[in-house]
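The first residue in the sequence is number 1, and the count goes up from there. First listed ligand is number 1; within each ligand, the first listed atom is number 1.
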Amino acid sequence: MRVDFTKMHGLGNDFVVLDTRAQPLPGPLSRQIAAALAHRHTGIGCDQLIVLEPSDIADFAMRIFNADGGEVEACGNATRAVGLLAGGAARIATAAGILETQASAGGISVDMGEPRFDWDAIPLAYAMDTLSMPVGWENLENPAAVNVGNPHAVFFVPDCDAVDLERLGPLIEHDPLFPARVNVNVATVTDRRHIRLRVWERGVGLTLACGTGACATAIAAMRRKLVEREVEVALPGGTLTISWGADNRITMTGPATTSFRGSFEWADYA
Ligand SMILES: N[C@H](CCC[C@H](N)C(=O)O)C(=O)O
């Protein structure tokens, strides 16, 4: 049976979107099928597979599967992408709660909710200060940890482009300190309104952009008083604007793009 999909991206962080409201899947979506669809050479290819489902508490529900097939709680760029599909304004039920999008001058804005900082909310394997953790991996030391629906470690470095993230990212992602693994962010604060960021994503690897990584990094920099409460975060794929409101809620604004539509034969992957 053929299954329709929409290929989308947010600053190059790319997605295959399956809308099961219009077309229920022919069978259960296993980890293996999600990983096979996401595979860059033998599948359609994407950083995350996004599945839209009916919801009785929001406009629709969104499930997120990393390229390794693992289902995760949040994906900021994908939230903007499906907001675009919905015409700009949408209430989206996710594992991290209900997120609201709206069209804005900068593309699509999404209310990402409130950050969490407690060690067991990240989660970490044991108690420690999450503003400056007393840990290090070679020259990456004293990260901040933030949960923005998913777990992030944020390292502030003099030049994020000089970090061997392809080697250090997986070491940190899989460290037992992070029972749910972790997204690894290396950031350089250029001034009080601008941050440069590169991300090794849990379950994916290096991506051109990471929305939740930009949120976590901006919040960590604000907690450390390095930047103002609204900043521009420049990732390899482009720039996101992150603000942390007096209501403690995070707003992320940036572009979302539909690349193309297609279909695949379910039996080829199931
Ligand atoms: N790799 C992330 C999920 C996707 C995050 C990123 N694509 C974003 O835009 O937020 C995780 O395992 O938590």
Side-chain angles (χ1 to χ4, degrees), residues 7-17 31 34-35 38 40 45-51 62-85 92 94-97 99 101 106-113 115-116 121-124 145-154 165-166 169-170 172-175 178-187 195 197-220 233-242 250-257 259:
K7 187 73 175 22
M8 306 190 77
H9 72 91
L11 302 178
N13 180 206
D14 65 332
F15 317 107
V16 168
V17 182
R31 184 187 185 99
R40 293 278 182 207
C46 58
D47 290 332
Q48 279 87 23
L49 178 71
I50 304 299
V51 180
M62 172 174 82
R63 296 175 67 192
I64 303 150
F65 299 83
N66 279 325
D68 67 357
E71 186 167 4
V72 292
E73 317 87 338
C75 181
N77 285 320
T79 305
R80 291 202 321 283
V82 300
L84 176 73
L85 275 189
I92 306 163
T94 73
L99 304 180
T101 66
I108 301 285
S109 284
V110 51
D111 176 344
M112 293 295 291
R116 291 185 292 165
I122 301 303
L124 302 180
V146 187
N147 185 293
V148 288
N150 55 357
H152 289 267
V154 183
L165 192 52
E166 208 148 10
I172 299 166
E173 174 191 356
H174 294 276
D175 193 291
F178 304 104
R181 298 170 22 218
V182 76
N183 295 284
V184 183
N185 300 266
V186 293
I195 299 172
L197 174 62
R198 293 174 63 224
V199 186
W200 174 273
E201 281 199 35
R202 173 182 63 169
V204 183
L206 288 176
T207 59
L208 289 174
C210 179
T212 49
C215 292
T217 298
I219 296 300
V233 180
L235 297 119
T239 298
L240 292 171
T241 302
I242 311 295
I250 307 165
T251 301
M252 166 182 23
T253 302
T257 308
S259 302

Original post:
Is it true that a side-chain atom of N185 and a backbone atom of V199 form a donor plus acceptor pair closer than 3.5 Å?
Top reply: no

Subject >> Distance filter under 4.0 Å to N66 heavy atoms, resulting ligand 1 atoms >> reply: 1 (N), 2 (C), 3 (C), 11 (C), 12 (O)

Original post:
Would one find an N or O of N13, backbone or side chain, under 3.5 Å from an N or O of ligand 1?
Top reply: yes

**OP:** Between I64 and ligand 1, find which residue part has any heavy-atom pair under 4.0 Å and reply side chain, backbone, both or neither.
**Re:** neither

**OP:** Indicate, as side chain, backbone, both or neither, the part of N77 found under 4.0 angstrom from ligand 1 when only non-hydrogen atoms are considered.
**Re:** both

Original post:
So, R181 and E173, do they make that salt bridge, N to O below 4.0 Å?
Top reply: yes

Original post:
Has the side chain of N66 got a donor or acceptor atom that lies under 3.5 Å from a matching backbone atom of R202?
Top reply: yes

Original post:
So is G203 in contact with ligand 1, going by heavy-atom distances below 4.0 Å?
Top reply: no

**OP:** Counting heavy atoms only, name the option from G70, A74, C75 that's nearest to atom 3 (C) of ligand 1.
**Re:** A74

Original post:
Short list, please: which atoms of ligand 1 are under 4.0 Å from a heavy atom of N183?
Top reply: 1 (N), 2 (C), 11 (C), 12 (O), 13 (O)

**OP:** Ignoring hydrogens and angles, tell me if any N or O in the side chain of N147 forms a donor-acceptor pair with the backbone of A121 under 3.5 Å.
**Re:** yes

Original post:
Just by modelled atom types, is the T253 backbone N or O under 3.5 Å from a matching donor or acceptor in the R80 side chain?
Top reply: no

Subject >> Nitrogen or oxygen of G76 less than 3.5 angstrom from that of ligand 1 >> reply: yes

**OP:** Would you indicate whether the side-chain heavy atoms of T94 and E73 approach each other to under 4.5 Å?
**Re:** no

**OP:** Check each atom of ligand 1 against the heavy atoms of Q48 and keep those under 4.0 Å away; list them by number with element.
**Re:** 1 (N), 3 (C), 4 (C), 7 (N)

Subject >> Selected option - heavy-atom contact closest to atom 8 (C) of ligand 1, from A67, A78, G211, A216 >> reply: G211

